[in-house]
Amino acid sequence: MEQYTIETHDLDFYFKDFKALDGINLSVPQGSIFGFLGPNGAGKTTTIRVLLDLFHANHGTIEIFGKPLKAHKTEILGRVGALIENPSIYKHLSGRQNLEIIRRMLNAPKSRIDEVLKIVRLTDNADKKAKHYSLGMCQRLGLAAALLSNPDLLILDEPTNGLDPSGIIEMRELILELNQQHNKTIFLSSHLLSEIEKLATDVAIVDSGKILYQGNLEGLKAQKQGIELKIEVSDTDKAAQVLKQLNFTISESTPSYVKAPISSKEDVARINTALVQNDLDVYQLTSSNENLEEIFLTLTKRLDQ
Amino acid sequence: MNTTLTLKRGISAEIYKFRGTFTLWFLILAPAFVPTINFIIFMSKGEQIMANGGNAWQRLLSMSLDPANFLFAFFVIIVALFVHNIEYTSNTWKLIYTQPLNRTTIYLSKLLVFFGMLFFSLILFGLFTVVCGYAIHFFKTDLGFAEAFDKSFIFLVCIKLFLATLGFASIHFMIGQVQKNLILPLGIGIAGIISFLILVQGWEYAIYHPYGYHMLSLQNWKAEGFSLWANMQPVYLSLGLAAATLIGCGIYNAQKRIF
């Protein structure tokens, strides 16, 4: 039986009359990188705050490491590291001093500070005041603080938000390293599918406070009903005629491509052969089920990311 | 886990975060303000001040306590702002509340550090007043600072002042816990102090005004035969108010949403 690090049951949460979370059931497998995906305002950060007991759910239960959060809060938080949204850093202190505050709260050994600074590659800048840190360095310092207790579970809320491309790559490498080399279960929220796609082993999609999908990425791809083929050819009018002869329906036609729904991958080969036999140059064939972004958008029906 | 140990961890972290901040300097420099002014006054016009005789220490204390008692109220309001503002400006409430300490421990750590800061500054004020007296005596030996005076009285006054302040200090601690606006607590504080100063002139219930306990606790202290621990009503009212406010605030704190 699969072991779950986080399990929630029917979590509801209200901001006054607004239902921000609606029956959230999450099962985060132990050792996974769990992508928690949803557009802005979907309820990701609210869920994370409820998981960390910063908000109290109006209904439902949370179990972390198999124990109820309410009854074992301090014990559980001792095994969880969290990085929530924008960095929480005392800007007047150095990176090392920031970590010292958390170390004192945790009663962790002093040597742990150097260890986490090394993990997040911040040793050289550890004694620089945090107000001189770049956003990427602030995020890494936040991650270092989350790692101080050597947690089994890391909850990271949009850890790449606002980072430049190199910062994003660095953070991604760190997350993978923490999961693979340090055996941490990672609960990672993001509104960027591309980010989750590169990291996550499991995924949950949330929108308007509800879980729309939960499982692995392959399963998400399989959910897509009716695959559509985008065909880029030299003559799209002629290509449309060929497709009609083969009893395919044209869903979209432009001067550079045509789109037609297909039922299997074998259809792709049939279409390609027919186009070539009709002296058409085929530049590209793209099956829409390969594009997770579209599935994500279809699921969430929102374009505000 | 042992509550005392976790509280110790919380307090230790709480104190550490004020490193290199203006708050620490404020806690040291503010209590030096009135004694420094008095030192300058005694050095320049000491002979005139002592022309009518009397105990020089008593005179110095009189010139220190009255303005200090008034200014201390503002000091309390500002320190309450500093203690909370460090979390609001650094966006660190969520950081400290996700550590494996329960909410009550985190709440008590901040509260005790706040009270500790007030007590520390008051004792420092007492110390600076004594140092001021000896410094004047060093430069002007004829002003009468060689006369006997029980210096412990100064520190006992500070302790009573501290206890009588806890009531409205708790109100400002609660305001800091509930909201991050800087102007609102200042406004409430100034309105509280001024309204007490007006009401105390004639309103019979002014003795219950929370912003007046510290002033009333030292009422008539210059009178002959004054006993510091005779009139304890303002202290009891202050402690009662502090207990009620802090328990209420603690319950709210356990329920509130941390952003």
Side-chain angles (χ1 to χ4, degrees), chain A residues 13-16 20 45-46 48-58 70 72-94 96-108 129-131 138 141-142 145-146 148-149 151 153-155 157, chain B residues 1-27 82-110 112-113 177 180 250-259:
Chain A
F13 182 80
Y14 289 85
F15 285 112
K16 291 187 178 163
T45 303
T46 305
I48 287 177
R49 286 179 190 267
V50 171
L51 289 177
L52 292 165
D53 203 47
L54 295 173
F55 290 176
H56 298 144
N58 297 89
K70 263 188 182 174
H72 298 86
K73 185 192 152 180
T74 49
E75 183 196 335
I76 287 169
L77 289 184
R79 296 174 61 193
V80 176
L83 178 63
I84 313 164
E85 282 186 313
N86 34 5
S88 298
I89 288 169
Y90 299 100
K91 298 274 184 186
H92 63 282
L93 298 175
S94 70
R96 190 184 296 279
Q97 288 169 333
N98 267 280
L99 295 175
E100 174 63 16
I101 292 173
I102 306 302
R103 189 200 70 77
R104 287 177 181 224
M105 293 180 95
L106 296 168
N107 202 24
K129 287 236 159 112
K131 64 181 167 196
C138 286
L141 180 60
L148 265 177
S149 64
L153 167 66
L154 271 175
I155 296 181
D157 186 15
Chain B
M1 206 179 292
N2 189 319
T3 313
T4 319
L5 276 178
T6 54
L7 195 57
K8 201 177 145 199
R9 277 157 45 187
I11 291 171
S12 158
E14 195 61 43
I15 293 170
Y16 190 89
K17 68 181 70 155
F18 287 97
R19 270 187 164 217
T21 59
F22 173 69
T23 308
L24 283 186
W25 286 109
F26 185 69
L27 295 177
F82 282 158
V83 163
H84 290 99
N85 202 41
I86 197 167
E87 310 298 351
Y88 288 117
T89 52
S90 316
N91 198 13
T92 39
W93 284 115
K94 59 182 193 275
L95 175 75
I96 58 176
Y97 277 105
T98 46
Q99 302 311 317
L101 297 177
N102 64 43
R103 286 192 179 197
T104 310
T105 305
I106 292 167
Y107 170 73
L108 285 177
S109 304
K110 200 166 261 306
L112 291 175
V113 167
Q177 288 274 313
K180 66 174 173 182
I251 293 168
Y252 163 78
N253 185 67
Q255 311 292 329
K256 76 172 175 183
R257 294 169 180 174
I258 313 288
F259 286 91

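Chain naming here is simple, since letters A, B, ... match the order of the sequence lines and numbering starts at 1 in each.
Looking at A/Phe13, only its side chain comes within 4.5 Å of chain B, counting heavy atoms on both sides. In this structure, no portion of A/Asn98 lies under 4.5 Å from any heavy atom of chain B. Using a 4.5 Å cut-off between heavy atoms, B/Ile15 does not touch chain A at all. Contact annotation for B/Lys256: only backbone heavy atoms (N, CA, C, O) come within less than 4.5 Å of a heavy atom of chain A. Neither the backbone nor the side chain of A/Glu75 comes within less than 4.5 Å of any heavy atom in chain B. Within the 4.5 angstrom heavy-atom criterion, no atom of B/Ile11 approaches chain A. Looking at A/Leu93, only its side chain comes within 4.5 Å of chain B, counting heavy atoms on both sides.
Side-chain contact check for B/Arg19 versus A/Tyr90: every heavy-atom pair is 4.5 Å or farther apart. Using a 4.5 Å heavy-atom cutoff, the side chains of B/Ile86 and A/His92 are in contact. You'll find the side chain of B/Arg257 stays beyond 4.5 Å of the side chain of A/Arg49, heavy atoms only. Looking at B/Tyr16 and A/Arg103, their side chains never come closer than 4.5 Å, going by heavy atoms from C-beta outward. A/Pro87 is not listed as a side-chain neighbour of B/Asn91, based on a closest heavy-atom distance of 4.5 Å or more.
Remark: B/Tyr107 engages B/Phe173 in a ring-ring contact (aromatic ring centres under 6.0 Å, His included) (not counting sequence neighbours).
If you take NZ on B/Lys94 and CD1 on A/Ile48, they are separated by 11.5 Å, rounding to the nearest 0.5 Å. Rounded to the nearest 0.5 Å, atoms CG (A/Leu83) and OG1 (B/Thr98) are 9.5 Å apart. Taking CG of A/Asn107 as the reference point, atom CG of B/Leu5 lies at 8.0 Å (rounded to 0.5 Å). Remark: B/Thr92 OG1 to A/Lys91 NZ distance equals 11.5 Å, nearest 0.5 Å. Here the NZ atom belonging to B/Lys17 is positioned 6.0 Å from the CE atom belonging to A/Met105, to the nearest 0.5 angstrom.
For the set B/Ile96, B/Asn102, B/Thr89, the count of heavy-atom pairs under 4.5 angstrom toward chain A peaks at B/Ile96. The greatest number of non-hydrogen atom pairs below 4.5 Å with chain B, out of A/Leu52, A/Leu148, A/Leu106, is found for A/Leu106. With chain A as partner, the option from B/Glu14, B/Gln99, B/Lys8 having the largest number of non-hydrogen pairs under 4.5 angstrom is B/Gln99.
Here the shortest heavy-atom pairing between B/Tyr97 and A/Leu54 reads CB-CD2, 3.6 Å. Nearest heavy-atom pair, A/His56 versus B/Ala254, reported as atom, atom and distance to 0.1 Å: CE1-O, 3.1 Å.
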